[in-house]
Amino acid sequence: MWQMRITSPVRHALIIKLAGLFFPTLCPVCGKNSDLLNESPFCSGCWSLMARYSGPHCRVCSLPLPSEYASVCGTCLKEKPPFSRAMTFGVYEGVLAEAIHQLKFYGQRRLAQPLGELLFTLDFPAVDGIVPVPLHRRNLRKRGFNQSLLLARILSGKLGVPLFMDILTKTRLTPPQVGLSAKERVMNIRNAFVVNGHIRNLRLLLVDDVMTTGATVSECAKQLRKAGAKEVIALTLARAGMF
Ligand SMILES: [Zn+2]
Ligand SMILES: [Zn+2]
């Protein structure tokens with residue numbers, strides 16, 4: 001079996017990417033032979049670690065909470081977010097974080113399908129349309145695809161709900177949110193999105209891959225509500241836990 005020495009996260013990801021190109025039967029997260037190829041490109045060990053988070057969390061924004069006693073986090077208590085609630089599959093750490101990283105930054109589009117399947121373990125509300133969080137066209141050109149659109153398309157097909165892929169566009173190029181404080185993230189993304197189209201009185205499911213402070217989904221939800229949407233429910237694969 002092909003073995004590797006992990007030297008740094010960047011080199012590890014690069015080795016896995018190259019391995020994926022030449023040896024598509026290897027698990028894209030750990031590099032071992034995948035024993036679940038009919039079901040998923042991940043090996044059974046990694047697949048079983050992609051578990052749904054079931055611990056205490058904010059019932060509005062889904063932020064993992066340290067105790068069962070609080071049901072709403074401090075941020076949501078202070079100010080009601082523009083989305084009615086945020087649903088998420090897991091916590092952004094370990095194998096799930098690595099899989100999302102491989103999808104996004106190493107072009108492993110084939111991971112969108114199994115990762116999208118994970119979302120179907122959640123109870124979906126009735127909605128009128130699915131809206132992916134868009135990338136700015138320059139970033140879309142660079143990456144070649146929008147991971148949120150890939151997930152939204154899987155959901156739309158399986159749930160039989162229309163995909164509104166051009167309703168929301170990112171018109172302003174913003175610096176990456178990584179490394180910014182919660183406040184800076186809000187400022188950074190403010191007025192970066194524009195709504196084109198008729199969404200009056202519709203209930204929308206807004207899809208993104210990862211939610212950290214919620215600045216991006218909040219800004220998107222705010223614009224969708226301003227344009228007349230009756231309700232916006234955010235859905236992400238992973239929530240960055242910050243406790
Ligand atoms: Zn694996
Ligand atoms: Zn909250």
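Counting starts at 1 for both ligands and their atoms, following the listed order.
Between F42 and W47, the ring planes are parallel. Angles under 30° get that label, and only those over 60° would be called perpendicular. Between H57 and Y53, the ring planes lie perpendicular to each other; the angle is over 60°, past the 30° to 60° tilted range.
The Zn ion (ligand 2) has C58 SG, C61 SG, C73 SG, C76 SG as its protein N, O or S neighbours under 2.8 Å.
The side-chain heavy atoms of Y92 and I100, taken from C-beta on, include a pair separated by under 4.5 Å.
Atom CZ of R172 has more than 12 neighbouring heavy atoms from other residues, nucleotides or ligands inside a 6.0 Å radius.
Under the side-chain contact (heavy atoms from CB on, under 4.5 Å) test applied with K170, the options I189, L140, L135, V133 reduce to a single match, I189. Between C73 and the options P64, C61, S62, a side-chain contact (heavy atoms from CB on, under 4.5 Å) holds for only C61.
When rounded to 10 degrees, the angle formed at the Zn ion (ligand 1) by SG (C43) and SG (C27) equals 120°.
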